[in-house]
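Order of appearance sets the numbers: ligands from 1, and atoms from 1 within every ligand.
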Amino acid sequence: MAVSRPVLKIVHDVVSLRRCMQGLRSSNQMIAFVPTMGALHAGHMALVERAKALADKVVVSIFVNPTQFGPDEDLAAYPHQGSRDRALLAAADVDLLYMPDALAMYPEHFQTEVRVSDVSQGLCGAHRAGHFDGVATVVTKLLLQVLPDMALFGEKDFQQLTVIKRLVADLDIPVGIIGVPTVREDDGLALSSRNAYLTEDERVVAPSLHRELIAVAIDIANGSDIKERCARAVDDLLGAGFTAVDYVEAREAITLSPLAGHGPEARVLASALIGAARLIDNVPVP
Ligand code: PAF
């Protein structure tokens with residue numbers, strides 16, 4: 001007996017997208033949206049699974065957004081795995097895949113930028129000039145193109161999630177933003193498309209980022225001096241084999257403002273380089 005595989009509907013431009021969205025929205029269906037840059041892994045698929053649990057229809061986008069990569073960053077090398085991504089989304093029974101190309105997103109004469117001021121500053125914003133402007137602009141466009149009821153983003157990119165929550169509130173975009181907990185390997189390494197850049201030796205060192213963040217969070221909860229403890233974590237990570245550490249910082253979880261004391265809702269965040277990979281991670285202060 002022939003087994004029928006789920007067929008994934010794919011659109012490449014906003015006119016076709018809007019036509020499909022009209023169909024999906026009929027009879028008051030709840031729509032969840034998962035924006036991605038492809039190279040899908042279990043972290044993305046956890047977003048899709050959560051979206052399926054929360055909504056009637058799930059739309060995914062794949063667009064490697066050039067404006068969020070700096071001139072020295074890895075746009076050209078960013079992993080592409082088109083047919084594998086499509087197979088994963090078809091197997092997950094996603095209702096629609098939106099895959100615009102750069103010209104469809106940024107046509108000739110495009111000149112509008114969305115910039116979220118405070119929460120884009122510091123942390124990754126201090127090391128990746130213009131990155132969050134690129135993210136804010138493309139996410140605003142994607143949300144307005146798809147107009148879902150909700151959109152889901154991973155907590156691994158905690159600053160990105162905060163920037164997106166801020167812009168949606170500030171611009172009155174009628175979409176609920178949902179953060180989904182980080183998916184990790186058994187040894188604690190946060191899943192990321194950039195883990196593909198790690199050599200075997202670097203892969204052994206990489207989980208110490210998560211271990212260190214947990215240790216910092218516990219020490220802060222137990223009353224350690226925040227500045228001193230974060231500075232020690234930088235030394236520990238360099239000692240463990242990281243090439244460079246952009247930052248280890250404790251921030252208020254909602255506003256991302258520097259942590260004044262040991263109040264609730266705090267997060268420890270870090271970015272560190274190992275070989276060709278910039279790894280980011282964060283954990284809550286218990
Ligand atoms: O997290 C990502 O994959 C990207 O930054 C996003 C949100 C899809 C915008 O390009």
Side-chain angles (χ1 to χ4, degrees), residues 12 14 17 32-48 50-51 58-70 73-82 84-85 88-89 94 96-106 110 112-116 119-120 123-125 127-148 150-168 171 173 175-183 190-197 269 271 277-282:
H12 297 278
V14 72
L17 171 74
F33 175 44
V34 180
T36 81
M37 298 207 298
L40 302 181
H41 51 63
H44 297 109
M45 299 319 288
L47 298 179
V48 170
R50 187 88 190 103
V58 176
V59 180
V60 174
S61 65
I62 295 181
F63 177 61
V64 183
N65 174 36
T67 66
Q68 68 188 75
F69 290 79
E73 294 186 352
D74 55 350
L75 174 61
Y78 198 81
H80 286 266
Q81 46 176 51
R84 185 171 176 274
D85 286 350
L88 283 170
L89 296 174
V94 160
L96 182 64
L97 171 60
Y98 177 40
M99 286 183 77
D101 64 19
L103 207 58
M105 285 304 268
Y106 303 115
F110 184 89
T112 301
E113 192 173 68
V114 178
R115 173 169 301 158
V116 182
V119 292
S120 298
L123 304 173
C124 286
H127 299 270
R128 303 187 67 188
H131 168 70
F132 287 115
D133 300 341
V135 170
T137 304
V138 80
V139 170
T140 302
K141 277 185 70 96
L142 287 165
L143 293 179
L144 293 175
Q145 289 174 340
V146 176
L147 276 181
M150 66 191 85
L152 294 89
F153 298 85
E155 283 184 351
K156 182 181 77 71
D157 298 283
F158 201 80
Q159 189 174 12
Q160 167 174 284
L161 176 61
T162 310
V163 166
I164 292 166
K165 283 182 176 165
R166 190 69 261 153
L167 79 85
V168 161
L171 299 178
I173 300 177
V175 176
I177 300 299
I178 296 172
V180 176
T182 304
V183 179
L191 295 194
S192 163
S193 308
R194 292 192 164 97
N195 294 351
Y197 301 152
L269 307 98
S271 162
R278 172 184 262 117
L279 303 183
I280 58 170
D281 204 346
N282 65 89

Practice item. Specify whether F110 and Y106 have parallel, tilted or perpendicular ring planes, treating 30° as the upper limit for parallel and 60° as the lower limit for perpendicular. Key: perpendicular
Review point. In terms of atom number and element, which parts of ligand 1 are under 4.0 angstrom from non-hydrogen atoms of V138?
Key: 9 (C), 10 (O)
Check your understanding: For atom 9 (C) of ligand 1, which protein heavy atom lies nearest, and how many Å away is it?
Key -> Q68 OE1, 3.4 Å
Review point. Should C124 and I280 count as side-chain neighbours, where that means a heavy-atom distance under 4.5 Å?
Key: yes
**Study point:** Q160 N/O to ligand 1 N/O under 3.5 Å
**Key:** yes
Check your understanding: Where is the tightest heavy-atom contact between V34 and A51, given as atom of each residue plus distance?
Key -> CG2-CB, 4.0 Å
Exercise for review: Output yes when a side-chain donor or acceptor of R84 lies under 3.5 Å from a complementary backbone atom of L40, and no otherwise.
Suggested key: yes
Practice item. Quick one: look at I164 and ligand 1, take heavy-atom pairs under 4.0 Å, and tell me if it's side chain, backbone, both or neither. Key: neither
